[in-house]
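Below is one structure, written out as structure tokens, with a few remarks after it.
Just the heavy atoms: all of them, side chains too, but no hydrogens, waters or symmetry mates, feed the values below.
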There are 2 protein chains.
Amino acid sequence: MVTREGRAASVKDVAAAAGVSLGTVSNVLNRPDRVSASTRTRVQEAMAELGFVRNESARQLRAGTSRTLAYVMLDASNPFFTDVAQGIESAAEAADLSLVLCNSGNGAPREEAHLALLQQQRVQGVLVTPVNPESPVLEEVRRRGTPLVIVDRTRDDRSFCSVAVDDRLGGRLAVEHLVDRGHTKVAFIGGPIHLGQVRDRLEGARQAWAAAGLPEDDLVVLATEALDVQEGRNAGQRLSGLPTTRRPTAAFCANDLLALGLLQQAIGSGTRVPEQLAIVGYDDIVFASAAAVPLTSVRQPRQELGRTAAELVLDEATNDAHQHQQVLFTPELVARASTLDG
Amino acid sequence: MVTREGRAASVKDVAAAAGVSLGTVSNVLNRPDRVSASTRTRVQEAMAELGFVRNESARQLRAGTSRTLAYVMLDASNPFFTDVAQGIESAAEAADLSLVLCNSGNGAPREEAHLALLQQQRVQGVLVTPVNPESPVLEEVRRRGTPLVIVDRTRDDRSFCSVAVDDRLGGRLAVEHLVDRGHTKVAFIGGPIHLGQVRDRLEGARQAWAAAGLPEDDLVVLATEALDVQEGRNAGQRLSGLPTTRRPTAAFCANDLLALGLLQQAIGSGTRVPEQLAIVGYDDIVFASAAAVPLTSVRQPRQELGRTAAELVLDEATNDAHQHQQVLFTPELVARASTLDG
DNA sequence: TTGTAGGCGTTATCAA
DNA sequence: TTGATAACGCCTACAA
């Protein structure tokens with residue numbers, strides 16, 4: 001397994017063991033046809049014997065580039081992002097690249113640390129759902145030579161390729177649906193409020209609200225600290241605390257995790273869904289339809305999002321005539337029991 | 001950003017731009033205190049100017065080792081594994097290592113491809129939830145010098161460090177609970193049946209069943225092709241298809257995804273849970289408690305699983321006196337409405 | 001404090 | 001078909 005104390009076997013060791021030159025070993029590895037069958041097997045036996053493993057660092061140093069793609073996820077525990085990752089993976093596999101996943105866990109320092117390392121590793125390209133799409137860090141990455149595509153976000157100046165879903169439209173769809181069902185007092189639940197996604201979905205919600213001629217104040221914003229199940233439960237408690245007259249009859253949550261938490265809290269506290277509280281989520285993760293009350297949600301083409309992003313980053317990496325483009329997919333409302341009584 | 005056409009800037013380029021020697025640039029990078037303040041800033045300006053990024057390959061080649069840990073996940077879309085990954089991440093961060101995630105998606109070829117690449121990258125250590133813990137591939141990895149720890153599985157010959165949860169006990173707990181609730185005809189739903197986990201949970205279930213003196217045939221095994229939500233729905237259909245007299249009054253599912261799918265199908269087809277069908281899941285993922293009928297489940301210490309595994313692999317990587325050990329955590333039944341009527 | 005030189009493991013070129 | 005050699009970029013002795 002090792003030869004000179006502690007160090008892994010190298011081509012040189014293999015060459016010595018097989019009694020050939022180092023160049024021959026390299027040929028066995030890279031152009032086996034140029035090596036006679038007998039030498040080849042001898043070399044291969046030596047490799048097996050020594051437990052030889054190609055050193056990717058040396059290889060990459062020589063080649064100047066690697067065969068991997070990376071995706072820096074915003075939140076690995078949100079099924080939405082793992083579905084996106086699956087889409088990326090299928091595109092990567094098709095291009096014979098391997099994919100490494102990193103998780104920023106919604107933390108800018110972690111994200112930056114991952115990005116720094118990925119650049120140092122000279123990955124072919126980076127896909128990232130950034131904590132903040134306007135961060136100058138992203139520009140730096142590209143300026144230093146690593147193709148970068150923004151996933152599920154867009155940057156205002158359009159200076160990057162990005163693949164996202166029309167969040168304003170999604171917000172409109174959600175609220176139009178609620179308005180159609182007769183709701184005149186609705187809560188928007190989401191946060192941190194500065195997140196592009198949250199902002200856009202809220203903006204869409206407000207557009208639809210205004211278009212319906214409803215008073216601005218009756219679309220109540222409940223800001224959360226994160227987009228997870230626990231915060232959904234918390235929001236539910238805040239909702240329960242409101243006097244009945246001021247309590248919204250429906251809630252539009254910025255994602256399904258919040259919606260599931262809210263739903264759980266509502267049911268636990270005896271609130272009937274949708275009779276007393278209708279709920280719309282966002283993402284249509286697999287668990288939305290399996291929820292206590294199947295959740296109405298805004299569906300996004302998750303896998304396609306990932307696949308498209310991967311294709312864009314590969315184009316940026318390999319095509320000299322690459323043009324940045326912002327792909328915007330269209331979301332779709334999936335109505336289920338959480339808003340459909342009777 | 002680049003200097004000699006297309007190539008990224010190297011220390012050499014930085015040295016030239018700053019008018020110093022290459023060794024000085026390296027010192028700025030690694031021992032900044034040995035460089036005078038003025039030289040240092042000059043060099044740093046040159047780096048910024050050129051968009052210099054350390055070449056990790058060269059660095060690693062020189063150093064012989066990397067600063068990253070890897071986790072090859074069995075199924076990135078199962079929240080159980082992302083929670084495990086979070087535990088690993090916290091340990092990695094504490095040790096100042098970065099973590100890369102790979103997803104085998106339950107496919108042996110993908111797993112092998114990932115493992116091969118990780119070895120070539122000379123990662124400090126690999127954590128893996130293997131498709132098959134008995135695979136000789138795992139031995140090969142270690143024989144070639146990469147520390148490897150098995151997560152959420154164990155290997156019969158105890159030749160690896162592993163961290164797992166007592167699946168037999170988990171199975172027993174689940175079925176004892178159902179027996180206590182008076183069920184005398186129960187379905188075990190899970191598969192592929194050869195998976196260690198599925199096998200062990202079933203075995204535990206059978207032990208509890210036998211211990212209760214119930215006839216073997218009344219613990220019906222419904223084998224599934226995978227452990228996901230869709231297969232849970234399919235299992236539900238098969239269950240519905242049985243004549244009422246032969247239909248089990250309870251189901252123990254090998255994981256929560258199956259249980260959620262089953263629950264969804266049951267509710268959709270008008271089966272009352274738990275009155276007509278009680279359901280026990282496994283893993284207690286965050287969505288279990290938020291389900292249509294909050295799910296009784298067997299909880300595993302997910303984050304702790306990951307953290308412990310990471311610590312073991314680091315020990316194997318750095319401690320000469322390392323001893324392989326098999327850590328076995330204890331699961332816990334969390335009873336909720338899906339089994340508790342009245 | 002700064003500069004020089006050698007080597008990490010791999011690949012590819014060129015000569016034998 | 002095989003072998004010798006240089007180069008990729010970085011780090012660290014060691015010398016100046």
Side-chain angles (χ1 to χ4, degrees), chain A residues 2-44 46-47 50-67 117 119-122 144-145, chain B residues 2-44 46-47 50-67 117 119-122 144-145:
Chain A
V2 287
T3 40
R4 291 147 304 152
E5 273 327 296
R7 276 212 166 280
S10 73
V11 279
K12 203 189 258 174
D13 302 313
V14 174
V20 298
S21 87
L22 159 172
T24 300
V25 176
S26 176
N27 280 335
V28 170
L29 249 21
N30 303 299
R31 289 95 115 227
D33 45 309
R34 290 204 197 165
V35 182
S36 74
S38 66
T39 320
R40 193 167 53 215
T41 44
R42 199 145 41 88
V43 169
Q44 283 164 339
M47 285 181 177
L50 296 173
F52 170 76
V53 178
R54 249 188 175 112
N55 185 323
E56 180 66 20
S57 295
R59 203 175 182 207
Q60 215 171 280
L61 176 57
R62 179 67 226 246
T65 174
S66 76
R67 297 293 301 160
L117 194 60
Q119 291 176 79
Q120 291 172 18
Q121 289 173 170
R122 302 288 192 269
R144 294 176 179 180
Chain B
V2 287
T3 38
R4 292 147 303 154
E5 274 327 296
R7 279 214 162 278
S10 74
V11 279
K12 204 189 259 174
D13 301 314
V14 173
V20 299
S21 86
L22 166 167
T24 301
V25 176
S26 178
N27 279 334
V28 170
L29 250 20
N30 304 298
R31 288 97 117 229
D33 44 308
R34 290 203 196 166
V35 181
S36 73
S38 67
T39 320
R40 193 168 53 214
T41 44
R42 201 145 40 88
V43 169
Q44 283 165 338
M47 286 181 176
L50 296 172
F52 170 77
V53 178
R54 248 190 176 111
N55 185 322
E56 179 67 19
S57 296
R59 203 180 182 203
Q60 222 179 97
L61 176 57
R62 174 68 224 245
T65 174
S66 76
R67 297 293 301 163
L117 193 61
Q119 290 175 79
Q120 291 172 15
Q121 290 173 169
R122 302 290 193 269
R144 294 175 179 179

Are any side-chain N or O atoms of B:Arg40 and backbone N or O atoms of B:Val28, one a donor and one an acceptor, separated by less than 3.5 Å?
no

Return the OG to CZ distance between A:Ser36 and A:Arg42, rounded to the nearest 0.5 Å.
7.5 Å

Counting only side-chain heavy atoms from C-beta out, which of C:dC8, D:dC10, C:dA12 sits nearest to B:Ser10?
D:dC10

Distance check needed: C:dT10 C1' versus A:Asp13 CG, whole Å only.
13 Å

If you assign each of B:Val35 and A:Ala58 to its closest nucleotide in DNA chain C, which residue comes earlier from the 5' end?
B:Val35

Just the rounded figure in Å: distance from P of C:dG9 to CD of B:Gln119.
17 Å

Starting from P on D:dC8, measure out to CZ on B:Arg62 and report it in whole angstrom.
17 Å

Nearest-angstrom distance from the residue atom CG of A:Leu61 to C1' of D:dC11:
13 Å

What's A:Ser57 touching, base or sugar-phosphate or nothing? Going by heavy atoms closer than 4.0 Å.
nothing

Between CG of A:Asn55 and C1' of C:dT10 the distance, given in whole Å, is 8 Å

What's the CD-C1' distance between B:Gln60 and D:dC11, to the nearest Å?
14 Å

Quick one: label A:Arg31 by what it contacts on the DNA or RNA (base, sugar-phosphate, nothing), any heavy atom closer than 4.0 Å.
base

Using a cut-off of 4.0 Å on non-hydrogen atoms, how would the nucleic acid contact of A:Ser36 be classed: base, sugar-phosphate, or nothing?
sugar-phosphate

For a 4.5 angstrom cut-off between non-hydrogen side-chain atoms, does A:Asn55 reach B:Gln60?
no

Would you tell me if any nitrogen or oxygen in the side chain of B:Arg54 comes within less than 4.0 Å of OP1 or OP2 on D:dC11?
yes

Between C:dG9, C:dC8, D:dC11, which one does the side chain of A:Lys12 approach most closely?
C:dC8

Nearest 0.5 Å, what's the OG1-CD distance between B:Thr65 and B:Gln121?
12.5 Å

With a 4.5 Å heavy-atom cut-off, do B:Arg67 and A:Leu117 have their side chains touching?
no

Taking 4.0 Å as the cut-off, does a side-chain nitrogen or oxygen of B:Arg34 come that near to OP1 or OP2 on C:dT1?
no

When the distance from CZ of B:Arg59 to C1' of D:dT12 is rounded to whole Å, what number comes out?
13 Å

Filtered N/O pairs between nucleotides 3-5 of chain C and protein, under 3.5 Å:
from	atom 1	to	atom 2	distance (Å)
C:dG3	OP2	B:Ser21	N	2.7
C:dG3	OP2	B:Ser21	OG	3.2
C:dG3	OP2	B:Thr24	OG1	2.9

Which heavy atom of B:Val53 sits nearest a heavy atom of A:Arg122, and at what distance?
O-NH2, 2.9 Å

Would you mind reading off the distance between B:Asn30 atom CG and D:dC10 atom C1', rounded to a whole angstrom?
9 Å

Can any side-chain N or O of B:Ser26 pair as donor or acceptor with the backbone N or O of B:Leu22 at less than 3.5 Å?
no

